[in-house]
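Notes to accompany the following structure.
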Amino acid sequence: MTQNVPMVAASPQVIQQIGELTRMLHDTIEQLGVVNVGVMPELQAATSALPDARSRLNYIANKTSDAANRVLNSVDDAKLEHQRLMSESRQIVEAIDADERLDARMRERVHQHIGNLNASCDRIDEHLTNIMMAQDFHDLTGQIIKKVVRVTNELEANLVKLLIDLHPDQSVTEVAPAPPTAAVQTAPAPPARPSDLEGPVVDDTRTDVVTDQNEVDDLLARMGF
Amino acid sequence: MPSYSDLRYLVVDDFSTMRRIVRGLIKEMGGQFIEEAEDGVTALQVLRANKIDFIVSDINMPNMDGFELLTQIKQDPALCHIPVLMVTAEARKEDIVRAAQIGAAGYIVKPFTKATLEEKLSKIIQRMTVTA
């Protein structure tokens with residue numbers, strides 16, 4: 001019953017740290033006076049690369065969503081087939097039990113076969129449930145992709161601001177990259193307001209998080225819940 | 001004690017795959033009437049338009065997160081009796097404690113197993129019978 005929580009989380013301070021780093025970068029560039037000696041094109045290139053990175057993440061989110069849903073559709077279909085087989089098996093057993101003309105040995109063989117079939121169906125159903133449960137990867141990875149997309153948005157906004165600050169003579173459209181064209185279609189929209197919720201945890205050295213369900217249960221039990 | 005098939009469920013999660021998984025598991029346990037919502041706002045609409053006996057809710061969702069949903073449910077005299085089982089990837093101890101203090105009936109951390117969901121559902125349903 002013990003499962004490891006995937007070690008995948010972003011620090012809640014990430015956004016703030018990006019802002020601080022950008023300000024530090026801004027101050028350093030100004031102090032060094034290197035605005036016109038090759039830093040600007042590299043900053044512009046880095047800023048322009050972010051929408052592409054975001055599009056690629058969106059692509060991953062869409063593809064993994066499609067794949068997970070295709071698997072779930074197949075699991076649903078297979079479970080319906082499984083139910084039909086089990087139902088038919090029950091009907092056959094009832095029919096041969098009701099038929100007194102049937103040879104006893106033959107009846108026994110059919111019973112044995114149906115029994116084996118049902119046991120096999122149960123095992124297949126368990127496999128199908130496991131396949132269904134494994135599709136939770138889409139939820140867990142999707143939350144992380146959303147978080148990374150949000151971080152790239154912040155990073156991009158800060159870099160664009162930095163570029164405009166350093167090169168006020170250029171227009172915004174010259175320094176700023178094009179707005180993102182593709183949103184994550186299958187991953188839900190980010191919260192309307194900033195949230196301190198973290199999603200899956202990535203740092204396995206943290207002590208402020210639980211690593212499995214047993215720890216959740218212990219914590220709640222200690223609190224009297 | 002009511003059986004799984006007697007209850008009407010609401011599954012709240014912003015990821016459709018997770019809603020399908022939880023729905024599938026509840027159906028395997030015998031649940032028949034299962035509504036879905038993609039965030040807290042939609043969940044409240046569903047709750048006010050349908051008779052729901054049991055809620056399984058994520059926490060990290062757009063528009064209205066699971067904490068806010070739980071708070072609103074517990075503050076609403078018409079809804080506060082409905083048990084809410086949180087199923088979430090939020091693994092911080094402070095979040096678990098917060099959910100319990102607001103009034104969550106249980107807390108499952110993702111990824112989870114069918115056995116874990118079944119165990120929590122069963123315990124909460126037993127408590128429903130005892131307190132009823």
message = Between Val22(B) and chain A, with a heavy-atom cut-off of 4.5 Å, which part of the residue counts as in contact: side chain, backbone, both or neither?
response = neither
ask   = Should the pair Phe54(B) and Tyr9(B) be assigned to parallel (<30°), tilted (30 to 60°) or perpendicular (>60°) ring geometry?
value = tilted
ask   = In Å and rounded to the nearest 0.5 Å, what is the OH to CG distance from Tyr107(B) to Asp217(A)?
value = 12.0 Å
ask   = Does a side chain donor of either Thr129(A) or Lys79(A) reach within less than 3.5 Å of an acceptor in the other side chain?
value = yes
key: Best-contacting candidate, Asn130(A), Asp139(A), Asp76(A), Leu72(A), against chain B by heavy atom pairs under 4.5 angstrom   = Asp139(A)
message = Taking side chain as everything from C-beta outward and backbone as N, CA, C, O, which of these in Met132(A) sits under 4.5 Å from a heavy atom of chain B? Side chain, backbone, both or neither.
response = both
query = Just checking, Arg98(B) and Phe67(B): is the charged tip under 6.0 Å from the six-membered ring centre and within 45° of the axis?
reply = yes
Interface moiety of Glu28(B) toward chain A, non-hydrogen atoms closer than 4.5 Å = side chain
request  = Select one option (side chain, backbone, both, neither) describing which atoms of Asp13(B) are under 4.5 Å from chain A's heavy atoms.
outcome  = side chain
ask   = Around Lys93(B), counting heavy atoms of other residues, nucleotides and ligands shown, do more than 12 lie under 6.0 Å from its NZ?
value = yes
